[in-house]
Undergrad: 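Structure incoming, see below.
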Amino acid sequence: MSIVQIFNVANLFVLPFWALMIFLPKWKVTQRVMESYIPFVPLAAAYLYLFVTSITPESAQAFSSPELAVIAQAFADEKVTATGWIHFLTLDLFTGRYIYLEGQKTGVWTIHSLALCLFAGPLGLLSHIFTYWITKKFFPPGEGEVAEVAEKTI
């Protein structure tokens with residue numbers, strides 16, 4: 001499989017998991033799939049393959065250097081870029097899974113945070129943190145469904 005094919009397959013591979021979390025969050029299949037680590041095994045395997053095959057003395061030296069220009073030059077290599085992209089896909093999906101599971105546990109609304117996380121992982125996480133804080137502040141225990149779910153988890 002070529003680097004381009006691995007890149008394209010990885011991009012498509014994550015989409016069903018995002019769709020399940022965003023559009024069918026209460027579905028038992030979604031809950032079962034997202035509680036497992038299975039979605040991460042193929043991504044981690046692709047990452048491992050690309051990581052091992054993209055390491056050269058030059059790239060190893062570049063990544064051991066904290067200089068932006070040197071790291072940017074390393075990312076000019078297509079295989080290094082694909083490796084980095086799969087790294088992002090994996091960690092964004094893992095972060096999205098965290099947001100999803102926390103939302104299921106606490107009852108905090110997560111659709112907007114998951115959508116943000118799909119496109120910009122750290123912004124989705126930040127959105128979820130703010131949403132959680134706002135929900136706690138303005139909808140304290142005893143007010144509505146969020147409080148009921150929160151009480152059950154305490």
Side-chain angles (χ1 to χ4, degrees), residues 1-55 59 63 66 68 71-72 74-75 78-154:
M1 194 178 254
S2 74
I3 296 166
V4 172
Q5 290 171 321
I6 293 171
F7 176 85
N8 290 335
V9 167
N11 277 315
L12 293 174
F13 177 79
V14 298
L15 293 179
F17 302 109
W18 287 107
L20 287 171
M21 290 187 292
I22 292 169
F23 299 115
L24 299 167
K26 300 286 186 194
W27 192 31
K28 294 289 182 206
V29 172
T30 304
Q31 293 169 349
R32 209 171 357 190
V33 167
M34 296 319 299
E35 286 172 355
S36 79
Y37 292 110
I38 291 173
F40 304 100
V41 172
L43 289 169
Y47 178 82
L48 176 63
Y49 169 76
L50 288 173
F51 183 82
V52 168
T53 60
S54 68
I55 292 294
S59 65
F63 290 119
L68 181 58
I71 293 172
F75 272 98
E78 204 173 66
K79 194 177 273 189
V80 173
T81 302
T83 305
W85 186 252
I86 291 177
H87 183 274
F88 288 137
L89 289 176
T90 305
L91 292 180
D92 285 354
L93 184 60
F94 195 81
T95 303
R97 174 184 179 267
Y98 168 78
I99 292 167
Y100 167 78
L101 293 174
E102 283 296 302
Q104 293 295 301
K105 184 172 79 175
T106 63
V108 171
W109 189 58
T110 60
I111 293 171
H112 64 296
S113 298
L114 287 168
L116 268 173
C117 196
L118 169 60
F119 296 106
L123 295 181
L125 180 59
L126 186 61
S127 170
H128 178 68
I129 291 167
F130 286 150
T131 302
Y132 176 79
W133 287 344
I134 290 167
T135 301
K136 269 184 80 172
K137 173 100 174 135
F138 295 105
F139 303 100
E143 292 184 25
E145 184 179 328
V146 172
E148 292 171 18
V149 173
E151 288 173 3
K152 289 178 185 175
T153 60
I154 296 178

Undergrad: If you measure from CD1 on I134 to CH2 on W109, what distance do you get to the nearest 0.5 Å?
TA: 11.0 Å
Undergrad: List the steps, then state whether salt bridge (charged side-chain N to carboxylate O under 4.0 Å, His left out) holds for K105 with E102.
TA: CA-CA 5 Å; K105 184 172 79 175; E102 283 296 302; 3.3 Å; yes
Undergrad: Quick one: closest heavy-atom pair of I99 and G124, and the distance?
TA: CD1-O, 3.6 Å
Undergrad: Taking side chain as C-beta onward, heavy atoms only, is V33 less than 4.5 Å from I38?
TA: no
Undergrad: So which heavy atom on P122 is nearest to which on D92, and how close?
TA: CD-OD1, 4.4 Å
Undergrad: A side-chain contact here means heavy atoms from C-beta on lying under 4.5 Å apart; do Y98 and L125 qualify?
TA: yes
Undergrad: Would you say the side chain of T30 lies within less than 4.5 Å of the side chain of Y100, judging by non-hydrogen atoms?
TA: yes
Undergrad: Tell me the closest heavy-atom pair linking F13 and P42, and the distance in Å.
TA: CZ-CG, 3.6 Å
Undergrad: To the closest 0.5 Å, what do you measure between CG (L126) and CG (L116)?
TA: 9.0 Å
Undergrad: Is there a side chain to side chain contact (heavy atoms under 4.5 Å, CB included) between I6 and I86 once you walk through the steps?
TA: CA-CA 9 Å; I6 293 171; I86 291 177; 3.7 Å; yes
Undergrad: Taking everything shown except L68 itself, do over 12 heavy atoms lie less than 6.0 Å from its CG?
TA: no
Undergrad: S2 versus F7: any side-chain heavy-atom pair under 4.5 Å?
TA: no
Undergrad: Are any non-hydrogen side-chain atoms of R97 and F40 less than 4.5 angstrom apart?
TA: yes
Undergrad: Other residues, nucleotides and ligands only: do more than 12 of their heavy atoms fall within 6.0 Å of NZ on K79?
TA: yes
Undergrad: Quick one: closest heavy-atom pair of L101 and M34, and the distance?
TA: CD1-O, 4.0 Å
Undergrad: Would you say I3 and T81 make side-chain contact, with heavy atoms under 4.5 Å?
TA: no
Undergrad: Just by distance, with hydrogens left out, do T110 and H128 show a side-chain donor and acceptor under 3.5 Å apart?
TA: no
Undergrad: Does atom CZ (F51) have a neighbourhood of more than 12 heavy atoms from anything else shown, all under 6.0 Å?
TA: no
Undergrad: Crowded around Y132 OH? As in, over 12 foreign heavy atoms under 6.0 Å?
TA: no
Undergrad: Measure up the F75 and F63 rings against each other and bin them: parallel (under 30°), tilted (30 to 60°), perpendicular (over 60°).
TA: perpendicular
Undergrad: Given side chains that start at C-beta, do those of H112 and T131 come closer than 4.5 Å, heavy atoms only?
TA: yes
Undergrad: For L114 and G96, work out which heavy atoms get closest and say how close.
TA: CD2-O, 3.2 Å
Undergrad: What's the separation between atom NE2 in H87 and atom CG in L50, rounded to the nearest 0.5 Å?
TA: 12.5 Å
Undergrad: Tell me if a side-chain donor or acceptor on S59 pairs with a main-chain N or O of S54 at a distance below 3.5 Å.
TA: yes
Undergrad: Nearest 0.5 Å, please: how far is CG in L91 from SG in C117?
TA: 10.0 Å
Undergrad: Calculate, to the nearest 0.5 Å, the distance between atoms CG and CG belonging to L43 and L48 respectively.
TA: 12.5 Å
Undergrad: Any heavy-atom pair between the side chains of L93 and P39 that's under 4.5 Å?
TA: yes
Undergrad: Check the angle between the aromatic planes of F94 and Y37 and answer parallel, tilted or perpendicular using the 30° and 60° thresholds.
TA: parallel
Undergrad: Begin from the C-alpha positions of Y49 and T53 and carry the test side chain to side chain contact (heavy atoms under 4.5 Å, CB included) through to its verdict.
TA: CA-CA 6 Å; Y49 169 76; T53 60; 3.7 Å; yes
